[in-house]
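To start, the structure itself, in structure tokens.
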Amino acid sequence: MTADARLTAVCAGRPESRGVDDAADPLARPWLSAIWKTPLAGPVQVHRTGVGGDEHADTRVHGGPEKAVLAYALDHYAAWAEVLDPRELGPGAFGENLAVEGLDECSVAIGDVWAVGSARLQVAQPRGPCWKLARKFRRQDLVAEVIENGRTGWYLRVLAEGALEAGDAVTVVDRPHPDLTLAKLHRVLYENRIDEGDARAFATCAALADGLRQRVADKLEQRP
């Protein structure tokens, strides 16, 4: 259908312990995470549970079929360079497995199916920004800023395992819910006044991860 996007990097990492004992800044104290990702050279195998060579420090909240692969818009880094150290930015900096050029939360919709290399991936849910971003960049307000600007990234499930590599085209081969963009879902999740029609569409969208569907449904029930 469309092939205007490109895979800039495929990244993976393993859990690392970083920080300094008794640091005055709580954000600089020891902690364990696999958020540090390194671009990989050559073809990389993508499995149902994630990118080959990639691991998670806390499997309770990371990984699994609905969070198998994390993608992030490469174009966001130019904006982040205005508030974060540019030397710390680039493919993998936000913990993503796939750095993608030509797509972002405004253009990506729940259920989109991508052909990348010999793999087939499907957009399952947006990333919920967590405290690890704040720890990595030593910015206590970073999670709130991500929520405000919507530059969250998104998770993909793996429909067909295969190999992909930097430079591959990202072709959207199926788009069952073109109106259910990640940006629209972000507004439903984080704004106080929500569009009821949009919320109901997400709450009943089978392509959206179960936990997010329930979260939207709960918000509908709790609205004034």
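When reading the values below, keep in mind they use all heavy atoms of this one structure, side chains included, and skip hydrogens, waters and symmetry mates.
Under 3.5 Å, the side chains of Asp210 and Gln214 contain no donor-acceptor pair of N or O atoms.
Side chains of Arg120 and Glu161 form no contact here, defined as non-hydrogen atoms less than 4.5 Å apart. Between Val170 and Leu98 the shortest side-chain heavy-atom distance does not fall below 4.5 Å. Between Trp114 and Leu103 the shortest side-chain heavy-atom distance falls below 4.5 Å. Considering only heavy atoms from C-beta on, Val46 comes within 4.5 Å of Leu164 through its side chain. Using a 4.5 Å cut-off on side-chain heavy atoms (C-beta onward), Val216 and Leu189 make contact. For the pair Thr8 and Val100, the minimum side-chain heavy-atom distance is 4.5 Å or more. Within the 4.5 Å cutoff, the side chain of Tyr155 has heavy atoms near those of the Arg127 side chain. Counting heavy atoms from C-beta outward, Val172 and Val113 have side chains that stay 4.5 Å or more apart.
For the pair Lys219 (side chain) and Ile194 (backbone), a donor-acceptor distance under 3.5 Å is absent. Counting only distance, with no hydrogens or angles, the side chain of Arg175 and the backbone of Asp112 share no donor-acceptor pair below 3.5 Å. Looking at Arg200, its side chain never comes within 3.5 Å of a backbone N or O of Ala217 through a donor-acceptor pair. Within the 3.5 Å criterion, the main-chain N or O of Asp198 finds a donor-acceptor partner in the side chain of Asp195. Side chain of Lys132 to backbone of Pro129: no donor-acceptor contact under 3.5 angstrom is found. A donor-acceptor pair is defined here as one N or O able to donate and one able to accept, closer than 3.5 Å; such a pair exists between the side chain of Asp104 and the backbone of Ser107. Put simply, the side chain of Arg138 gets close to the backbone of Lys136: a donor and an acceptor are under 3.5 Å apart. Of the possible polar contacts, none joining the Glu96 side chain to the Leu70 backbone as a donor-acceptor pair under 3.5 Å is found. With Asp54 contributing its side chain and Gly13 its backbone, the two residues share a donor-acceptor pair below 3.5 Å.
Minimum interatomic distance between Ala34 and Pro15 (heavy atoms only, all atoms of both residues): CB-N, 3.7 Å. When all heavy atoms of Ala109 and Pro178 are compared, the pair lying nearest together is CB-O, 4.1 Å. The two residues Ile110 and Pro126 come nearest to each other via the heavy atoms CD1-CD, 4.5 Å.
Rounding to the nearest 0.5 Å gives a distance of 6.5 Å between SG of Cys130 and CD1 of Ile35. Rounding to the nearest 0.5 Å gives a distance of 9.5 Å between CG of Asp168 and OG1 of Thr171. Considering CG of Leu182 and OG1 of Thr152, their distance stands at 6.5 Å, rounded to 0.5 Å. A distance of 6.5 Å separates OG in Ser118 from CD in Gln45, rounded to the nearest 0.5 Å. Note: Tyr190 OH to Asn192 CG = 13.0 Å, rounded to the nearest 0.5 Å. We find the CG-CG distance between Leu84 and Leu142 to be 6.0 Å, quoted to the nearest 0.5 Å.
Of the listed residues (Arg151, His76, His186, Lys184), just one forms a side chain to side chain donor-acceptor pair (under 3.5 Å) with Glu105, and that residue is His76.
Sparse packing is recorded around CD of Gln140, with 12 or fewer heavy atoms of other residues, nucleotides or ligands lying under 6.0 Å away. Counting heavy-atom neighbours within 6.0 Å of Asp141 CG, excluding the residue itself, gives a total above 12.
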Phe94 and Trp80: CA distance, side-chain angles, deciding distance, ring pair (Phe, Tyr, Trp, His ring centres under 6.0 Å) verdict:
CA-CA 11 Å; Phe94 266 53; Trp80 283 122; 5.2 Å; yes
Dump the intermediate steps for side chain to side chain contact (heavy atoms under 4.5 Å, CB included) on His47 and Val158, then the final yes or no. CA-CA 7 Å; His47 307 283; Val158 179; over 6 Å; no
message: Run Val83 and Arg139 through side chain to side chain contact (heavy atoms under 4.5 Å, CB included) and show every step you take.
response: CA-CA 10 Å; Val83 294; Arg139 280 278 304 269; 3.9 Å; yes
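Residues that satisfy the ring-ring contact (aromatic ring centres under 6.0 Å, His included) test with His56, not counting sequence neighbours, are absent from this structure.
Taking the centre and axis of the six-membered ring of Tyr77, the NZ or CZ atom of Arg87 falls outside the cone set by 45° and 6.0 Å. Judged by the 6.0 Å distance and 45° axis criteria, Arg18 is positioned over the aromatic ring of Trp36.
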Only distances under 3.5 Å count here; give the side-chain donor-acceptor pairs of residues 24-32 to other protein atoms, sequence neighbours excluded, each with its distance to 0.1 Å.
from, atom 1, to, atom 2, distance (Å)
Asp25, OD1, Leu27, N, 3.0
Arg29, NE, Ala23, O, 2.8
Arg29, NH2, Ala23, O, 3.3

